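Worth saying up front: this structure is predicted, and the values here are computed from it rather than measured. Here, residue 1 is the first one in the sequence, and each next residue gets the next number.
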Amino acid sequence: MLVDSHCHIYFPELKSRLSELLANMRVHDVSHALVVSVNSESFKELLPLVEREKRFFASVGEHPVEECTEEITLETLILAARHPKVVGIGETGLDYYHQKDSVKRAVQHDRFVRHIQASNQTGLPLIIHTRSAGQAVLDILGKYHHQGAVIHCFTEDLAFAKRALETGYYISFSGIVTFKNAKNIQEVARYVPDDRLLIETDAPYLAPVPCRGKVNEPAWVAYTAAFIAELREQTLAHIAKISADNFFTLFNNCLLYTSPSPRDKRQ
């Protein structure tokens, strides 16, 4: 069974199709999905969805470029993390591609550190967004962070990947890896060891080939998994197993809902 390690099913283009999304997940053998928040409003919206559906888990956080009327506080993050279906902090990180203004980048920095503090205090792993900010992200993580993390929707280079892996972080690939012009990302997908590989959709964005240009959904993580399997010269069954195992190792609070004997292995 496959796991979609990052999606946003509460967005309007997906929320209205929830029954269809679940049916499609069954058809494509996608057992679970992590529904990731981008601000406090989205967290309030996604929580009822994950409470109703046993296949879904949640994160709490604020995207680095999200315009918010009020910054989410450390106390709010920690309180939200007490919910039994909240298994991660984020998505968080730095995005210098979309924000070049130094003042806004400073806000991103403060927001990122706040999420790192929440991760450290709750023991929940970080879900990290990074774009055109790889060095800064690794510098901040190296200074402040001491929990597990995943670099979501990987778009950096092999040198960044090697540093992240040396730190013990996981790397998650979205449908971007299936694009013809994504040679650098494909190189990283070949390099990442079995025990650090995750797969995601980032739905409703970044639909993989052969669905590129359409509204993405959790079931389509199967196409990305198949592409990565061929790229790595491994079977789809192998990719499904290792990526699912890695997901439940990193986000081990999920095991409270999937196993009668939960493990306690935060990495």
Side-chain angles (χ1 to χ4, degrees), residues 3 5-6 34 36 59 61 63-64 87-97 105 108-109 111-174 176-177 182-200 202 224-225 227-229 231-234 238-254 263-267:
V3 174
S5 69
H6 192 115
L34 177 55
V36 177
S59 75
H63 190 284
V87 299
I89 303 294
E91 62 185 285
T92 183
L94 300 175
D95 190 319
Y96 289 174
Y97 180 85
R105 287 186 177 183
Q108 286 191 38
H109 181 285
R111 188 180 286 180
F112 189 21
V113 171
R114 196 178 311 126
H115 284 69
I116 290 172
Q117 291 171 333
S119 172
N120 290 340
Q121 292 189 39
T122 63
L124 296 182
L126 279 176
I127 302 161
I128 299 170
H129 170 106
T130 173
R131 189 166 184 191
S132 301
Q135 185 63 52
V137 164
L138 289 175
D139 287 347
I140 292 172
L141 288 170
K143 184 176 181 180
Y144 296 106
H145 192 230
H146 55 74
Q147 295 294 330
V150 56
I151 310 298
H152 117 85
C153 191
F154 188 87
T155 57
E156 299 287 348
D157 59 16
L158 183 58
F160 176 95
K162 288 180 177 180
R163 286 190 59 191
L165 291 166
E166 288 168 0
T167 308
Y169 295 156
Y170 292 76
I171 292 179
S172 181
F173 296 97
S174 70
I176 293 176
V177 73
K183 300 303 181 185
N184 290 341
I185 300 173
Q186 292 166 9
E187 179 186 23
V188 176
R190 291 189 190 95
Y191 177 84
V192 173
D194 279 5
D195 64 351
R196 285 292 179 268
L197 176 71
L198 294 178
I199 306 175
E200 66 177 86
D202 204 12
T224 301
F227 182 89
I228 291 175
L231 193 67
R232 292 165 64 94
E233 299 182 343
Q234 296 173 320
H238 179 75
I239 292 297
K241 183 181 188 308
I242 63 171
S243 59
D245 285 349
N246 292 339
F247 177 85
F248 288 113
T249 298
L250 178 62
F251 298 104
N252 61 20
N253 277 11
C254 296
R263 290 172 292 175
D264 188 15
K265 291 184 182 176
R266 277 197 186 91
Q267 301 192 9

K.L.:
Return the CD1 to CD1 distance between Ile140 and Ile116, rounded to the nearest 0.5 Å.
P.N.:
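These two atoms lie 6.5 Å from each other.
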K.L.:
Is a side-chain donor or acceptor of Asn120 paired with a backbone partner of His146 at a separation under 3.5 angstrom?
P.N.:
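Yes; judged by distance alone, with no hydrogens or angles, the pair exists.
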K.L.:
Taking all atoms of both residues into account, what is the closest heavy-atom pair of Gln186 and Leu231, and its distance?
P.N.:
O-CD2, 3.5 Å
K.L.:
For the OG atom of Ser174 and the CG atom of Asp202, what is their distance to the nearest 0.5 Å?
P.N.:
6.5 Å
K.L.:
How about Thr92 and Phe112: do any of their side-chain heavy atoms sit closer than 4.5 Å?
P.N.:
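The answer is yes, as the side chains (C-beta and beyond) meet within the 4.5 Å cut-off.
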K.L.:
Just wondering, do Ile171 and Phe160 contact through their side chains at under 4.5 Å, heavy atoms?
P.N.:
no
K.L.:
Rounded at 0.5 Å granularity, tell me how far CD in Gln108 sits from CG in Leu94.
P.N.:
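Between atom CD of Gln108 and atom CG of Leu94 there are 5.5 Å.
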K.L.:
With the side chain counted from C-beta on, respond yes when Phe154 and Val177 share a heavy-atom pair under 4.5 Å apart, and no when they do not.
P.N.:
no
K.L.:
Output the distance between atom OH (Tyr191) and atom CG (Leu165), rounded to the nearest 0.5 Å.
P.N.:
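Atom-to-atom, Tyr191:OH and Leu165:CG are 6.5 Å apart.
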K.L.:
Please report the shortest heavy-atom distance between Phe247 and Ser5, naming the atom on each side.
P.N.:
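Result for this residue pair: CD1-CB, 3.8 Å.
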K.L.:
Report yes if some heavy atom in the side chain of Asp195 is under 4.5 Å from a heavy atom in the side chain of Ile242; otherwise report no.
P.N.:
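They are not in contact (no side-chain heavy atoms under 4.5 Å apart), so the answer is no.
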K.L.:
Taking Asn246 for the side chain and Leu197 for the main chain, is one N or O donor matched with an acceptor at less than 3.5 Å?
P.N.:
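The answer is yes, because a donor-acceptor pair under 3.5 Å joins these two groups.
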K.L.:
Report the distance from atom OG of Ser172 to atom CD1 of Ile151, rounding to the nearest 0.5 Å.
P.N.:
10.0 Å
K.L.:
So, do Val113 and His109 sit near enough that their side-chain heavy atoms are less than 4.5 Å apart?
P.N.:
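Yes, their side chains come closer than 4.5 Å.
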K.L.:
What distance separates Thr249 OG1 from Leu198 CG, expressed to the nearest 0.5 Å?
P.N.:
9.5 Å
K.L.:
Quick check: do Gln147 and Thr122 have side-chain heavy atoms less than 4.5 Å from each other?
P.N.:
no
K.L.:
Is there a donor-acceptor pair under 3.5 Å between the side chain of Asn253 and the backbone N or O of Leu124?
P.N.:
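No, because the side chain of Asn253 does not come within donor-acceptor range (under 3.5 Å) of the backbone of Leu124.
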K.L.:
Taking the side chain as C-beta and beyond, is there a heavy-atom pair between Glu200 and Cys153 under 4.5 Å?
P.N.:
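A side-chain contact under 4.5 Å exists here.
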K.L.:
Evaluate the side-chain proximity of Phe248 to Val3: yes if any heavy-atom separation is below 4.5 Å, no if none is.
P.N.:
yes
K.L.:
What heavy-atom pair brings Ala161 and Val188 nearest, and what distance separates the two atoms?
P.N.:
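Smallest heavy-atom distance, with atoms named: CB-CG1, 3.6 Å.
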K.L.:
Under the side-chain contact (heavy atoms from CB on, under 4.5 Å) criterion, do Glu91 and His6 qualify, and how do the steps go?
P.N.:
CA-CA 9 Å; Glu91 62 185 285; His6 192 115; 3.0 Å; yes
K.L.:
Would you mind telling me which of His115, His129, His152 makes a ring-ring contact (aromatic ring centres under 6.0 Å, His included) with His63?
P.N.:
His129
K.L.:
Donor-acceptor pair, Ser132 side chain versus Tyr96 backbone, under 3.5 Å?
P.N.:
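Not at all, since once roles are kept as given, no pair shorter than 3.5 Å links the two residues.
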K.L.:
Quick one: does Arg196's side chain have a donor or acceptor within less than 3.5 Å of a partner on Ala164's backbone?
P.N.:
no
K.L.:
Does Thr167 form a side-chain contact (heavy atoms from CB on, under 4.5 Å) with Leu141? I'd like the steps, not just the answer.
P.N.:
CA-CA 10 Å; Thr167 308; Leu141 288 170; over 6 Å; no
